[in-house]
Amino acid sequence: MFKSEAKSVVEDALKELNYSKVDFNLSEPPEEHGDLAANVAFTLAKNLRSQPLKIAEDIVGSIHLSRGSLIESLTADPPGYINFRVNYSTLAERLLPNIQSVEQVKPIDIGGGVKVTVEHTSVNPNKALHIGHLRNLAIGDAIYRMLKHSNYNVKVLNYIDDSGAQVADILLGFLHLNFPIEAPEGVKFDHYCGDVVYVKVNEMYEQNPNLVEKRRQILKELEDPSSKVSDFAKKITSRILREQLQTCWRFGARYDCLNFESQIVHSSLWDTLFKELRGRGVIKFAEEGRLKGCWIVEVEGEEEGEEKVLVRADGTATYVAKDIPYAAWKIGLVEDPFNYIEYVKQPDGTTLWATDLTKGSKKTDFYGAEKTIVVIDVRQSRLQRIIKEVLSQLSEGVEDRYVHLAYAVVSLSPQTAKEMGFSEEERLLHLSGRKGIYLNADDMLDALKKKALEETVKRNPNESVEWCEEVSESIAVAALKFDLLKQDLDKIVVFDLNRSLKLEGDTGPYILYSYVRACRILEKASEEGVDASTKNLHITQLSEKRLLKELSKFDLVVEEATRSLSPKTLARYAIQLSTAFNNFYESSPVLGCSDSDVRATRLMLVKGFRSVLNKTMELLGLPIVERM
RNA sequence: GGGCCCGUGGCCUAGCAUGGAUCAAGGCGUCGGCCUUCGGAGCCGGAGAACAGGGGUUCAAAUCCCCUCGGGCCCA
């Protein structure tokens with residue numbers, strides 16, 4: 001609100017001075033210059049051929065502040081900025097009473113209720129989640145939460161590739177290589193399938209090339225829904241899927257609908273779309289050459305002669321060919337062939353639905369969104385672009401409606417790669433489920449939890465083991481999740497065990513700790529019956545001003561983070577806000593303050609902080625604890 | 001061979017979209033302070049002289065453009 005007021009007074013002054021309307025920025029200057037700076041004079045200087053400072057002075061001269069303005073004062077400073085200083089008492093009066101509880105921290109309306117689907121996680125149901133999958137899940141879940149807060153009608157989809165090569169690998173292990181169908185005592189089935197069956201089968205391919213042919217047969221049989229193999233596959237994959245979901249929930253995610261690839265393949269989607277694409281000449285049958293007998297798609301922007309095969313000469317569909325109908329379904333370019341069944345109740349109380357071809361009911365919640373966002377790592381960029389290109393030829397506006405949110409992969413640091421016995425080289429090691437190079441998500445969380453538990457027990461000797469375990473679990477999730485969210489999507493996350501086990505600094509636990517400190521103050525205040533509200537708000541100290549200013553930025557930060565689909569922006573804010581609070585905590589005692597108005601103002605600041613941080617953590621999907 | 005991404009103090013990162021202020025901001029590590037005071041998973045201070053390199057545009061470039069070099073990914 002301070003920003004919009006500053007903007008409007010400058011615009012009024014421009015009008016008064018008969019300057020042309022220009023776009024300008026308001027940014028946060030170094031603290032000694034003020035609270036907000038406008039660069040409008042620089043922009044104008046170009047056209048007016050005049051000194052920026054002179055222009056800035058003219059503008060400042062014709063600005064008239066109204067009574068009760070949030071702007072305390074403004075000056076023109078070299079080399080030509082207009083610096084605004086906020087009236088902190090007025091800001092406090094307008095802001096603090098409206099953020100005394102988390103319920104008061106209201107959603108903002110960016111989306112206008114538009115229907116959006118977010119697809120994330122989408123792990124092949126042949127193994128347990130590893131640390132790389134968690135980055136996907138953390139990003140997707142945060143995007144969902146931010147969009148929802150911004151008044152989009154958001155549904156979360158999870159695509160289950162239950163008929164691909166990776167599933168065929170473990171089926172091969174069970175059907176032809178005598179791997180027991182039960183995991184050893186005490187081992188989760190998804191871990192067993194990923195750690196043992198999947199890895200070993202892949203090793204065997206090298207020794208025994210016949211196995212590759214066997215896998216091809218399995219894949220072929222999977223295309224027939226009534227085959228024995230299909231039946232067996234369904235048993236195995238759904239068992240793995242249910243265990244994977246446990247991990248996802250543990251990590252704070254939730255979904256609205258599961259989309260099974262096998263059903264997409266068996267549905268009418270592909271046939272309908274295939275005809276349509278053929279009719280429009282988007283896909284062609286190769287009569288000769290290297291790809292003779294294949295159906296291929298030619299995509300603009302690709303190198304000359306570079307095509308993508310959709311249907312192989314043997315009649316099997318490729319990966320892209322399965323993705324295109326799904327993408328088309330998402331944005332409603334084809335009719336919805338699915339019914340929906342209630343798959344499972346989730347820990348947050350909501351129902352997770354699943355597509356079904358034979359039973360269930362019709363629904364319109366998941367299909368045909370105005371916009372769809374798919375969270376997949378950057379290695380899939382080319383495929384995603386091809387899908388988008390193909391859909392663009394069927395409908396206008398696909399460019400904006402189908403969004404691939406790409407992120408870089410998670411790698412292991414050289415130290416961790418060595419410790420785990422994966423590599424001896426001094427360079428990053430990329431994860432590979434197939435080669436057995438990964439850290440299981442559950443194992444990682446358990447390690448973090450163990451570390452947090454030591455600390456928690458030490459600090460809370462009187463608490464029960466159960467309580468300490470529960471809190472440590474939250475700390476572990478917060479630590480790992482924050483680590484995966486805080487940096488740019490384009491940058492590789494270098495995972496280092498020892499570094500991740502740190503609970504200090506720019507971390508999830510730091511944020512949790514700040515929150516807990518605020519809770520303690522409020523708890524004591526309530527026990528002591530201290531009055532926690534006043535009409536005479538007194539903002540006196542620098543640390544109070546800084547905290548207040550951070551609190552006032554919340555809506556702007558959420559808007560920016562949502563607009564650019566950037567959880568990192570919000571994660572950074574959580575740290576900044578916590579730092580401002582910890583600063584305040586050290587320098588402005590609340591309960592020990594003798595002046596009752598100052599004390600009440602500080603309590604309102606603490607409450608405001610707790611509300612805003614609570615909402616910020618909720619949007620990031622970080623667990624919240626009141627004590628730790 | 002083609003395309004995409006990354007390169008910021010010893011290490012990890014923010015800032016880059018919309019170029020601007022004699023200190024380019026955090027964290028880790030390091031050195032030194034702060035517990036009779038709302039929880040030290042915290043706070044304060046110091047050292048560390050870095051925007052990969054080179055050109056260009058501009059009054060002004062970490063930010064925009066071009067080239068080169070390193071690293072990664074996708075495709076051929």
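All chains are named by letter (A, B, ...) in the order of the sequence lines, taking the proteins before the strands, and each is independently numbered beginning at 1. Everything numeric in this text was worked out from a predicted model, so none of it was measured.
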Chemist: Identify which nucleotide among rG42(B), rC28(B), rU18(B) has an atom closest to any side-chain atom of K502(A), counting heavy atoms from C-beta outward.
Modeler: rC28(B)
Chemist: So, does Y585(A) get its side chain near the phosphate of rC44(B), meaning an N or O under 4.0 Å from OP1 or OP2?
Modeler: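 No, outside the criterion.
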Chemist: Answer yes or no: does a side-chain N or O of H430(A) lie under 4.0 Å from OP1 or OP2 of rC73(B)?
Modeler: yes
Chemist: Given side chains that start at C-beta, do those of Y510(A) and N582(A) come closer than 4.5 Å, heavy atoms only?
Modeler: yes
Chemist: Name the closest nucleotide to the D506(A) side chain, picking from rC23(B), rG26(B), rG39(B).
Modeler: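 Selected nucleotide (nearest to the side chain): rG26(B).
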Chemist: Determine: side-chain N/O of N83(A) to OP1/OP2 of rA21(B), distance under 4.0 Å, yes or no.
Modeler: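 No, because none of the side-chain N or O atoms of N83(A) sits under 4.0 Å from OP1 or OP2 of rA21(B).
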Chemist: Measure the distance from CD1 on I296(A) to P on rC75(B) and round it to the nearest whole Å.
Modeler: 18 Å
Chemist: With both distances under 3.5 Å as the test, what is the Watson-Crick or G-U wobble partner of rC43(B)?
Modeler: rG33(B)
Chemist: Taking only side-chain nitrogens and oxygens of Y407(A), does any of them come within less than 4.0 Å of OP1 or OP2 of rC5(B)?
Modeler: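 Result: no.
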Chemist: Please confirm whether the shortest side-chain N or O distance from K568(A) to OP1 or OP2 of rG26(B) is below 4.0 Å.
Modeler: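 Indeed not, no polar side-chain atom of K568(A) lies that close.
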Chemist: Are the side chain of K451(A) and the backbone N or O of K502(A) linked by a donor-acceptor pair below 3.5 Å?
Modeler: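 Such a contact is absent between K451(A) side chain and K502(A) backbone.
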Chemist: When you compare rG48(B) with rC5(B), how far apart are their C1' atoms, in angstrom units rounded to a whole number?
Modeler: 31 Å
Chemist: Whether the side chain of E32(A) and the base of rC23(B) hold a donor-acceptor pair under 3.5 Å is what I'd like checked.
Modeler: yes
Chemist: Quick check on side chain to side chain contact (heavy atoms under 4.5 Å, CB included): which of V410(A), L485(A), V409(A) does R135(A) satisfy it with?
Modeler: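 The side chain to side chain contact (heavy atoms under 4.5 Å, CB included) with R135(A) is passed solely by V410(A) among V410(A), L485(A), V409(A).
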Chemist: What integer number of Å spans the C1' atoms of rG72(B) and rA52(B)?
Modeler: 16 Å
Chemist: Checking L439(A) against L412(A) for the side-chain contact (heavy atoms from CB on, under 4.5 Å) test, could you report, in this order, the C-alpha distance in whole Å, the side-chain angles of both residues, the deciding distance, and whether it holds?
Modeler: CA-CA 9 Å; L439(A) 300 173; L412(A) 298 182; 3.9 Å; yes
Chemist: Pick the closest RNA chain B nucleotide for S587(A) and for P52(A) by heavy atoms, then say which residue is nearer the 5' end.
Modeler: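 Per heavy-atom nearest nucleotide, the more 5' residue is P52(A).
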Chemist: Output the single nucleotide from rC73(B), rG39(B), rC38(B) whose closest atom is nearest the side chain of R627(A).
Modeler: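 So the side chain of R627(A) is nearest to rG39(B).
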Chemist: So, do Y513(A) and S578(A) sit near enough that their side-chain heavy atoms are less than 4.5 Å apart?
Modeler: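 Contact flag for Y513(A)/S578(A) side chains = no.
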Chemist: Please examine the side chains of S423(A) and K418(A), heavy atoms only from C-beta on, and report whether any two atoms are closer than 4.5 Å.
Modeler: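 No. Closest side-chain heavy atoms not under 4.5 Å.
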Chemist: Check the phosphate of rG72(B) against R427(A), side-chain N and O only, distance under 4.0 Å to OP1 or OP2. Yes or no?
Modeler: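 Yes.
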Chemist: Report the distance from atom CE of M628(A) to atom C1' of rG40(B), rounded to the nearest whole Å.
Modeler: 13 Å
Chemist: In whole Å, what separates the P atom of rA14(B) from that of rG9(B)?
Modeler: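 To the nearest whole Å, 13 Å.
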Chemist: Please determine, for rC51(B), whether a Watson-Crick or G-U wobble partner exists with both distances under 3.5 Å, and give it or none.
Modeler: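 Pairing partner, where one exists within any strand: none, as none qualifies.
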Chemist: Could you classify rC4(B) for me, syn or anti, using a glycosidic angle within 90° of 0 as syn?
Modeler: anti
Chemist: Taking the side chain of Y81(A) as heavy atoms from C-beta outward, which of rU18(B), rG40(B), rA21(B) is closest to it?
Modeler: rA21(B)
Chemist: Quick one: is rC74(B) close enough that its OP1 or OP2 comes under 4.0 Å of any side-chain N or O from R385(A)?
Modeler: no
Chemist: Write down the distance separating the C1' atoms in rC73(B) and rG33(B), rounded off to the nearest Å.
Modeler: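 That atom pair is separated by 48 Å.
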Chemist: With a 3.5 Å limit on both atom pairs, tell me what rG7(B) is paired to, counting Watson-Crick and G-U wobble, or say none.
Modeler: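 rG7(B) is paired, partner rC69(B).
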Chemist: Tell me the partner of rC59(B), counting only Watson-Crick (N1-N3 plus N6-O4 or O6-N4) or G-U wobble (N1-O2 and O6-N3) with both under 3.5 Å; none if nothing fits.
Modeler: rG20(B)
Chemist: Using a heavy-atom distance cut-off of less than 4.0 Å, which residues of residues 486-496 of chain A contact RNA chain B?
Modeler: Q487(A), D488(A), D490(A), K491(A), I492(A)
Chemist: Determine whether a donor-acceptor pair (one donor, one acceptor, N or O, separation below 3.5 Å) exists between the side chain of R572(A) and the base of rA25(B).
Modeler: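 There is none.
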Chemist: Looking at OG of S543(A) and OH of Y585(A), how far apart are the two atoms once the value is rounded to the nearest 0.5 Å?
Modeler: 13.0 Å
Chemist: Applying side-chain hydrogen bond (donor to acceptor under 3.5 Å, both in side chains) between R546(A) and each of Q576(A), E31(A), Q541(A), report the one that passes.
Modeler: E31(A)
Chemist: Kindly point out which of rA21(B), rG42(B), rU18(B) is positioned nearest to the side chain of E504(A)?
Modeler: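 Closest nucleotide to the E504(A) side chain: rG42(B).
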Chemist: Taking for each residue the nucleotide of RNA chain B with the nearest heavy atom, is it R499(A) or N582(A) whose nucleotide lies nearer the 5' end?
Modeler: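 Its nearest nucleotide lies further toward 5', so the answer is R499(A).
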Chemist: Would you sort out whether Y438(A) and S432(A) count as a side-chain contact (heavy atoms from CB on, under 4.5 Å), showing the intermediate values?
Modeler: CA-CA 6 Å; Y438(A) 55 83; S432(A) 163; over 6 Å; no
